[in-house]
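Scroll down for the structure; my scribbles are underneath it.
Just so you know, residue 1 is the first one in the sequence shown, and it goes up from there. When a ligand or atom number is given, it counts from 1 through the structure's own listing order. As the structure is a computational prediction, the values presented were derived from the model and not from experiment.
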Amino acid sequence: MITHNLGYPRIGAKRELKRACEQYWSGKIDISVLLEEGKRLRREHWLLQKEKGIDLIPTNDFSFYDQVLDMSYTLGAVPKRFSNVFLEESQPLDLYFAMARGYQKNGFDITAMEMTKWFDTNYHYIVPEFYKDQQFKLNAIKVVDELKEAKSLNLEAKPVLIGPITYLLLGKEKEEGFNRLDLINRLLPIYVELLSLLEAEGAEWIQLDEPFLVTNLSEKEKEVYIEVYNALAKRFPTLKIMLATYFEGLHENTSWVAQLPVHALHVDLVRGKKQLNELLSAIPEKLQLSLGLVDGRNIWKNNFEQSLSIIEKAIGTIGSDRISIAPSCSLLHTPFDLDNETDEATLPSEVKNWMAFAKQKIEELSLLAELARENPSEKAKNAFEANKFAMKSKLTSRLIHDKKVENAVKEITIDHAKRNNPFNIRQALQHGSLKLPLFPTTTIGSFPQTKEVRLLRSQLKKGGITANAYETAIKSEIQKAISWQEQIGLDVLVHGEFERNDMVEYFGEQLNGFAFTKFGWVQSYGSRAVKPPIIYGDVDRIDPMTVAWTEYAQTLTDLPVKGMLTGPVTILQWSFVRNDQSREETTNQIALAIRKEVQDLELAGIKVIQIDEPAIREGLPLRKEAWKNYLDWAIRAFRISASAVNDETQIHTHMCYSEFNDIIESIAAMDADVITIETSRSQMELLDAFVDFKYPNEIGPGVYDIHSPRVPSEKEMEALLEKAALLIPIRNLWVNPDCGLKTRGWKETDKALVKMVNAAKALREKYQVEA
Ligand SMILES: CN1c2c(nc(N)[nH]c2=O)NC[C@@H]1CNc1ccc(C(=O)N[C@@H](CCC(=O)N[C@@H](CCC(=O)N[C@@H](CCC(=O)O)C(=O)O)C(=O)O)C(=O)O)cc1
Ligand SMILES: N[C@@H](CCS)C(=O)O
Ligand SMILES: [Zn+2]
């Protein structure tokens, strides 16, 4: 039985890759320094896995931005708007980064490719763009060079590629008249070329990631899978293909997937525990099985006793030489190294002893392999006892349960999720009290988190400045932001979220039942990372979390300041969650905590309160049969958090990166008075669902993409608004960017928002004249 890994976090223990990329983008370092840093990180991560005893080590899991973008680049799926600008002799990495970030230099103004969520994770990938005349062309340098690098270190390397069908399904047709799956005939020869090169370079194993195999597939998709994998098997009779599935079980796909002619099948036994029995009975004689035992999506220690019984069962049925063990999915979604966490105040050692990050998960794998052998070492036996102790300590700990919270959740009734009156009555009251113009302008909450602001927080945490000095400095940022918003003519203001490290972590730090880390970074997109807090116990809010900052901002202006909260589903989704109770139960606890905050904001005189729920769509189960149950409790949790206010108090919600078509009914059921959504990258395409559904409440379709430094023109935003005004009743229409502006600089923010306000004014004029 061997151990292998599906992918390692590439950003580095201290986010070294982030710093290197950002320094390169700002011209502070040369390309050679960036490339060298990438090489150093790869080497370090490979050697660490080797040292911990992993037999098969993944390569090509490293990326300077995103593994899907790497694949597009490797397969030559570069949209023409880029390839026309970047000539053959240009630095390849510059073209690659331009695809991700857009390019507004040397007289060019090219928009970035779209970005969306990777299955149900908080990781974002760059969406492949497909055209009717799409051609592919191999650019194998990265994949092959990384294999050579690993081989030069005497490692048993396993190149990891996104499988051809998952790659196509991840993308989007950018024009009508074709189906992207039909491109398989042009794509497959490129994969064949790539696999041949890798085989020639001595690759024995290739991992092809096909996570779409865990979803509800159409007949056509199933047929393409069968054709493609048969073709590959015929062409590569000796290359060992490991077909990797994860994030769910195979369900109804089990029997035919088990028949695909690959060397090994990897299955996720954390999310898809139940599939093992069926698989063991359906497995053909030669197929090897990779058991995904160690949770790649959470930070809890593996339960050795349970894992060993699974291993035993698998060995007992098909023999140890056909079994390998691995994490459930790539470790990209877990932080780097728990050993770096030494602060008892943020992460009590009792809780830390229940946890494992990527490095520890790799150790767990080696230990499990050792323990499954006949005569495990003393070290492994001791580790087994320590693991048993940790499991028991978690079961019996006094840190976890809070009767008061558990009772409050039990006492939730239907009334907790109901506003006093329906939307039309609330709308009239809110319009009467807020007196906003047509096409009211607002922003989504955050303003640039400058180096200076982040430094202040870092100094506060290190004791370099006092809490008073920090408060004064943040208040000064708020004061500047309020007077600037008044000056440029925004209608509903925000305080700017300067005091927040992150929209989830900030709340986690103030809620009971949460622990947090210093270095627990997980890549979110490109160079950006998040530090998900850890929910280990019952959640409660003791003191107000945001009221003082919002109240202060409101004292500075007569215009309404929007209170800014993160919703219960998003807090759940972007945290590491308990594995000892249901997600629904935890979300209800968070909903009650946010409800208290909403009530306190209203009491403090705040008339508009936004409860962000960007992760509702992302939390949707991968299997359609589980959607209804999830949506029922998720929407109810939002409503519990939002419904304790008077009719005059206007509740906003915000969502980004979401395809709304499938869940529009549930979004309407949230019954927020105003919803702001990300729509600009898709040219308002995402608005269609709201239009088709005749969405009744107010809506702010984003008019500019905040993920790129590109400043849109006034005309562009006006055109988008015109489009929206034709689709949505204008009294229901708001004007805002796609999302918060924390990642942007002040210069571009100022320019863009001035233009946005002007665009709103132009529409106001036009429609007032017409009215
Ligand atoms: C809306 N989004 C979010 C998602 N998930 C979240 N949990 N939060 C989100 O906001 N998912 C979907 C999208 C993803 N979008 C983003 C956008 C931006 C970031 C981002 O900017 N991340 C920052 C880290 C933010 C943070 O936690 N900052 C801390 C610590 C800052 C720090 O690095 N300090 C330095 C010292 C100070 C200095 O010298 O700069 C240090 O520790 O070395 C803070 O502000 O206090 C990033 O840089 O990646 C993420 C997801
Ligand atoms: N209020 C948050 C929402 C991000 S999704 C922000 O503005 O950053
Ligand atoms: Zn957003």
- request: Taking the Zn ion (ligand 3) as the reference point, name the nearest N/O/S atom of H654.
  value: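 So the atom name we want here is NE2.
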
query: So, does D61 use its side chain to make a donor-acceptor pair with the main chain of S330 at under 3.5 Å?
result: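 Here the side-chain-to-backbone pair does not exist.
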
- prompt: Do the ring centers of F660 and F690 come within less than 6.0 Å of each other?
  reply: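 Between F690 and F660, which both carry aromatic rings, the centre distance is below 6.0 Å.
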
task: Would you check if the distance from the ring center of W746 to the ring center of F447 is below 6.0 Å?
output: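 Yes: the rings meet the under 6.0 Å criterion.
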
Whether [X] lies under 4.0 Å from ligand 1, heavy atom:
X: R15; value: yes
X: R19; value: yes
X: H124; value: yes
X: K451; value: no
X: P614; value: no

query: Taking the six-membered ring for Trp, are Y525 and H707 parallel (under 30°), tilted (30 to 60°) or perpendicular (over 60°)?
result: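 Because their plane-to-plane angle is over 60°, the rings of Y525 and H707 count as perpendicular.
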
- prompt: Which of the numbered atoms in ligand 1 are below 4.0 angstrom from a heavy atom of S458?
  reply: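 Matching atoms, with element in brackets: 36 (C), 37 (C).
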
query: Short list, please: which atoms of ligand 1 are under 4.0 Å from a heavy atom of K742?
result: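 That gives atoms 9 (C), 10 (O), 17 (C), 18 (C) of ligand 1.
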
Tell me the contacting part of [X] for ligand 1: side chain, backbone, both, or neither, using a 4.0 Å heavy-atom threshold, strictly below.
X: R528; answer: both
X: V530; answer: side chain
X: K531; answer: neither

query: When rounded to the nearest 0.5 angstrom, what distance separates CH2 in W574 from OG1 in T566?
result: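 Spacing of CH2 (W574) from OG1 (T566) equals 8.0 Å.
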
Closest approach of any protein heavy atom to [atom], naming residue and atom:
atom: atom 31 (C) of ligand 1; result: R454 CD, 3.5 Å
atom: atom 14 (C) of ligand 1; result: S524 OG, 3.3 Å
atom: atom 46 (O) of ligand 1; result: R457 NE, 2.6 Å

query: What's the shortest heavy-atom distance between M115 and V127, and which atoms?
result: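 Taking M115 first and V127 second, the nearest heavy atoms are C-CG2, 4.1 Å.
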
- prompt: Taking all atoms of both residues into account, what is the closest heavy-atom pair of M503 and D612, and its distance?
  reply: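 Nearest pair, atom of M503 first, then D612: CE-CB, 3.7 Å.
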
Does any N/O atom on [X] come nearer than 3.5 Å to any N/O atom on ligand 2?
X: E497; result: yes
X: D612; result: yes
X: H654; result: no

- prompt: Using a heavy-atom cut-off of under 4.0 Å, does the side chain or the backbone of S446 touch ligand 2, or both, or neither?
  reply: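 It is both backbone and side chain that touch ligand 2.
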
message: Under 4.0 Å between a side-chain nitrogen and a carboxylate oxygen: does that hold for R457 and E505?
response: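 A salt bridge is absent here (no side-chain N lies under 4.0 Å from a carboxylate O).
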
- prompt: Is it true that K562 and D491 have a side-chain N and a carboxylate O under 4.0 angstrom from each other?
  reply: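 Looking at D491 together with K562, the answer is no, because their closest N to O distance does not fall below 4.0 Å.
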
Side-chain heavy-atom pair I534, M355 within 4.5 angstrom cut-off: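 Side chain of I534 against side chain of M355, heavy atoms only: contact under 4.5 Å found.
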
- prompt: Which option out of K742, M564, M503 puts a heavy atom nearest to atom 4 (C) of ligand 2?
  reply: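 Closest candidate by heavy-atom distance is M503.
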
